[in-house]
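A short write-up of the structure that comes next.
Here the structure is a predicted model, which is why all the values come from computation and not from measurement. Counting convention: from 1, in listed order, for ligands and their atoms alike.
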Amino acid sequence: MSASENPWWHTATIYQIYPRSFSDSNGDGIGDIPGIINRLDYLEELGVTAIWLSPIYKSPMDDNGYDISDYQEVAEEYGTLADFDRLVAEAKARGIGIILDLVVNHSSDEHPWFVDACTDRNSRYRHFYIWRDPAPGGGVPNDIPSVFGGAAWSFHEPTGQYYFHQFTRRQPDLNWENPELRESIYQMMNWWLDRGIAGFRMDVIDLIGKEPDRGITAEGPHLHAYLQEMHARTYGGRDILTVGEAWSATPNSALLYSGRDRNELSMVFQFEHVTQAWHPVHGKWQPMDFDLVALKEVLGKWQLALANDGWNSLFWGNHDLPRAVSRYGDVSGYHQESAKMLSTVLHLLKGTPYVYQGEEIGMTNVRFTSIEQFKDVETLNMHRLHLEAGLSAAEFIAGANVNGRDNARTPMQWTEAEHGGFTTGSPWIEVNPNYRQINVQASLSDSKSILSHYRQLISLRKMHPVIVYGRYQSFLDQDPQFFVYTRTLDDQMLVVVANFSSKLGLLEVPDELQIEGECISCNYAAVHELGATVNLRPYEAFAILSRRNE
Ligand code: TEU
Ligand code: CA
């Protein structure tokens with residue numbers, strides 16, 4: 001097979017770093033690039049292929065860097081361009097690539113383009129953004145809402161027009177219909193590519209083809225043409241990974257983004273497995289129990305839809321989502337078992353797994369009691385709006401503790417020292433008090449830790465083509481307790497069995513899975529063969545690799 005049929009990211013595991021919360025090198029309470037460099041040995045031992053860095057660019061930090069005021073400068077609190085180049089080089093020396101977050105649906109309102117655009121309707125940069133006159137009777141041009149609450153339009157008094165922003169008013173949307181804007185973005189991307197990065201994670205890339213006048217935000221008519229142009233003008237000839245964040249992606253559109261001959265992206269992040277567990281009306285702020293049958297259905301649907309073309313990303317968490325073990329596992333009764341079970345199930349699927357910082361040691365959701373403890377702009381906006389709408393503060397905080405974005409953003413827990421060893425100063429957001437039990441240092445010295453389990457899973461993917469390329473088939477789809485699937489390649493079959501419950505359970509093994517082989521992963525004792533039934537302990541998960549001609 002040619003290199004393009006077997007790109008490096010097929011066997012890769014990616015580690016996501018949220019720089020602000022990862023490792024602080026200078027005691028100002030904010031994670032930084034030198035702090036990341038100090039932890040590269042840890043990541044090398046974990047075995048990851050590349051790091052996706054959430055934004056490190058210059059920014060007023062209204063949305064922690066997802067509001068960029070200079071695409072070619074590093075935020076002062078994170079370090080310098082020289083630090084960044086050193087990170088790329090030091091990571092490369094350890095076989096690790098650096099994937100940058102490309103945030104080009106919008107910029108910061110402090111970006112010189114927007115500042116200039118605001119000076120005058122005839123500014124050279126006016127049409128880098130999206131401006132509309134007020135509606136005939138006055139007021140917003142239309143009723144498109146902002147993701148973070150309120151209208152997606154804000155009035156700019158001095159020039160008498162509204163500008164469009166799908167996130168905060170400090171994140172004006174860029175106008176992709178303008179070829180000059182697109183050209184500026186491509187130049188910037190090439191400038192970073194020339195510095196030796198390994199790829200881009202593209203923030204809300206499904207939104208760049210917006211046509212607000214027609215009420216279209218996601219997956220607009222020109223989206224794929226823009227991505228093909230971007231591919232041709234920037235990374236087309238380079239061996240990099242591109243992953244587009246696409247909340248609106250469906251299996252069909254994922255084939256457009258990531259299809260082999262499409263010349264767009266390597267893969268997308270789709271969120272159906274996340275949003276299927278959200279409340280149909282109140283979304284993530286009204287927590288609902290998750291339903292394994294529905295979760296399996298979504299994961300299985302994506303496995304099958306991209307089986308022969310396109311490529312899946314695999315993830316439980318990121319910097320916007322609650323901690324996986326809190327959401328799908330049992331942190332009080334079976335913390336280790338459930339964290340290991342979740343990783344087993346995810347990492348043995350077909351696709352590229354992503355590990356969000358701290359997930360590999362089983363970091364959990366935080367429990368804040370007052371709104372002052374929350375830092376996230378989305379949570380703070382929603383707090384105001386939900387209270388105005390009649391929710392009590394306590395109800396809102398309960399919801400935010402379950403699904404709010406700050407759950408993922410509490411500092412990485414390195415040691416049992418104060419503030420979990422994240423900083424010697426005072427952290428920008430509180431450390432989860434469970435750092436004394438859950439931290440990297442304790443995990444490193446325990447061969448049965450969640451961390452050891454992650455290391456093993458990551459190395460298994462490098463060793464076994466069946467994990468990378470095997471055909472996926474699910475069993476017992478309607479069973480509410482067990483997740484059972486196989487991966488097959490040539491004469492090999494991998495059987496993955498997981499109990500998603502704190503209850504013991506008797507699994508009736510389907511005939512074709514009654515096999516014996518090598519147990520390549522388990523979170524209790526090794527299981528080498530399956531008879532007609534098997535008793536599964538709470539959150540037990542194992543994987544047996546068998547050769548059919550044995
Ligand atoms: O996220 C896109 C996004 O829509 C999320 O904010 C998510 O939908 C929301 O949390 C659901 O309530 C990306 C980034 O990952 C996020 O951190 C940024 O805030 C956002 O884009 C704007 O750049
Ligand atoms: Ca710092």
Practice item. For atom 9 (C) of ligand 1, grab the closest protein heavy atom and report residue, atom and distance to one decimal in Å. Key: Glu378 OE2, 3.3 Å
Review point. By number and element, which atoms of ligand 1 are closer than 4.0 Å to a non-hydrogen atom of His106?
Key: 22 (C), 23 (O)
**Study point:** Angle subtended at the Ca ion (ligand 2) by Ile30 O and Asp28 OD1, rounded to 10 degrees
**Key:** 90°
Review point. Non-hydrogen atoms of Arg201 versus ligand 1: any pair closer than 4.0 Å?
Key: yes
Review point. Do any N/O/S atoms of Tyr78 come under 3.0 Å of the Ca ion (ligand 2)?
Key: no
Check your understanding: Does ligand 1 have any atom that is closer than 4.0 Å to a heavy atom of Phe271?
Key -> no
Study note, to complete from the structure: re atom 1 (O) of ligand 1, the protein heavy-atom contact at minimum distance is Glu245 OE2, 3.1 Å
Exercise for review: Under 4.0 Å from a heavy atom of His319: give me the atoms of ligand 1 that qualify, with their elements.
Suggested key: 14 (C), 15 (O), 16 (C), 17 (O)
Revision key, fill the gap. So the atoms of ligand 1 within less than 4.0 Å of a heavy atom of Arg409 turn out to be 17 (O)
Practice item. Using the six-membered ring wherever Trp is involved, compare the ring planes of Phe271 and Phe315 and label them parallel, tilted or perpendicular (cut-offs 30° and 60°). Key: perpendicular
**Study point:** Ion pair check, Arg405 and Glu378, cut-off under 4.0 Å
**Key:** yes
Exercise for review: Specify whether Tyr328 and Trp316 have parallel, tilted or perpendicular ring planes, treating 30° as the upper limit for parallel and 60° as the lower limit for perpendicular.
Suggested key: tilted
Check your understanding: Can the ring centres of Tyr186 and Trp191 be said to be less than 6.0 Å apart?
Key -> no
Revision key, fill the gap. Among non-hydrogen protein atoms, atom 4 (O) of ligand 1 lies closest to Phe167 CE2, 3.5 Å
Review point. To which protein heavy atom is atom 13 (C) of ligand 1 closest, and what is the distance rounded to 0.1 Å?
Key: Asp203 OD1, 2.9 Å
Exercise for review: State the atom name: nearest N, O or S atom of Asp24 to the Ca ion (ligand 2).
Suggested key: OD1
Check your understanding: What's the spacing between Ile429 CD1 and Phe368 CZ if we round to 0.5 Å?
Key -> 4.5 Å
Check your understanding: Are Tyr15 and Trp52 an aromatic pair by the rule of ring centers under 6.0 Å?
Key -> no
Practice item. Write the atom name of the N, O or S atom in Asp32 that is nearest the Ca ion (ligand 2). Key: OD2
Check your understanding: Would you call the rings of Trp153 and Phe164 parallel, tilted or perpendicular, where under 30° means parallel and over 60° means perpendicular?
Key -> tilted
**Study point:** Salt-bridge criterion met for Lys301 and Glu297 (N-O under 4.0 Å)
**Key:** no
Practice item. State the CD1-OH distance between Ile205 and Tyr257, to the nearest 0.5 angstrom. Key: 8.5 Å
Point to revise | Asp213 with Arg132: basic N within carboxylate O range, under 4.0 Å | key: yes
Review point. Any idea which protein heavy atom is nearest atom 7 (C) of ligand 1, and the distance to it?
Key: Trp247 CZ2, 3.5 Å
Revision key, fill the gap. Check: of Asp63, Asn105, Asp320, min heavy-atom distance to atom 5 (C) of ligand 1 comes from Asp320
Revision key, fill the gap. Nearest non-hydrogen protein atom to atom 6 (O) of ligand 1, with distance, is Arg405 NH1, 3.1 Å
